[in-house]
Amino acid sequence: MSSMIDVKQLQKSFGSLDVLKQITFEVNPGEVVAVIGPSGSGKSTMLRSLVHLEEVTGGSIFIHGKPLVENGKYAGHTAIREITASMGMVFQHFNLFPHLTVRGNLELAPRTLKRENPQAITARSSELLSKVGLADKADVYPSMLSGGQKQRVAIARALMLNPDILLFDEPTSALDPELTGEVLRVIRQLAEENMTMIIVTHEMNFARDVADRVFFMDNGEIAESGTPEQIFGSPKLERTRLFLNQD
Ligand SMILES: Nc1ncnc2c1ncn2[C@@H]1O[C@H](COP(=O)(O)OP(=O)(O)OP(=O)(O)O)[C@@H](O)[C@H]1O
């Protein structure tokens, strides 16, 4: 089985700060990977590198076997656009466009790309808003929504271009505790539908339940990786336990 995401010796520095130190991992189709670890360990930078929101300083990223960057050398603009279009990203702070309605947020990218006719795009945005339980919010502006609703809109938006990989950067960290459940339910449903996902999260119970594998990042490295049972259950993983106990 060929891997969906193949990262080799990924390296990223900001000046003299080595944020990613030769990170290597693979993600298989349909796999859900939860990334945990202390603040500043490089989780966001790793995720953002996959969708070219950060340029790495060394190493390789292959998506579906296609090189986004190989040994530190980036593919051309067209190839980068094609490769990153197969991935959707959901951010901590939703990043919705405030001047567009919910439906406008979903339809902006597909309308700009003009790959589908407008009727097909509208049918798809309606379908995805139903999927995240917000069919009745199509015509409202983001400012009218709760944080949990905004994040569900952001997830629906990320699905509009039919990605086969979804990346989540702390999707519930900006939410009041009572609103995290509705967002986690949507992510769990996507996992049941076999969406390939990498989820950076501080929700340990969620990571334990939904992930096939857990990466524990520390100081720019994947310090430990394994099944949730291995990561959360083994007394051998001292560094991980220390972090989990702090949380
Ligand atoms: N644009 C930047 N310029 C300089 N340093 C940066 C930049 N972006 C991130 N860093 C640094 O890189 C390190 C890793 O940051 P990153 O956001 O990837 O960590 P993280 O594990 O996601 O942390 P958190 O859980 O707090 O979001 C931090 O020390 C951060 O200060």
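One-based numbering, in listed order, for ligands and for the atoms of each.
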Subject >> Residues E31 and T196: side-chain donor-acceptor under 3.5 angstrom >> reply: no

Original post:
Who pairs with N194 by side chain to side chain contact (heavy atoms under 4.5 Å, CB included), at least two apart in sequence or on another chain?
Top reply: none

Original post:
Within 45° of the axis and under 6.0 Å from the centre of the six-membered ring of F62, does NZ or CZ of K66 qualify?
Top reply: no

**OP:** Applying side chain to side chain donor-acceptor pair (under 3.5 Å), name anything that partners Q189, two or more places apart in sequence or on another chain.
**Re:** E193

Subject >> is_close_aromatic(H99, Y141), centroid dist under 6.0 Å >> reply: no

Subject >> Protein residues having a heavy atom less than 4.0 Å from any atom of ligand 1 >> reply: F14, L17, V19, P38, S39, G40, S41, G42, K43, S44, T45, E170, H202

With a 3.5 Å cut-off and sequence neighbours excluded, list the donor-acceptor pairs that the side chains of residues 75-86 form with protein atoms.
{"from": "T84", "atom 1": "OG1", "to": "I80", "atom 2": "O", "distance (Å)": "2.8"}
{"from": "T84", "atom 1": "OG1", "to": "R81", "atom 2": "O", "distance (Å)": "3.3"}
{"from": "S86", "atom 1": "OG", "to": "I83", "atom 2": "O", "distance (Å)": "2.7"}

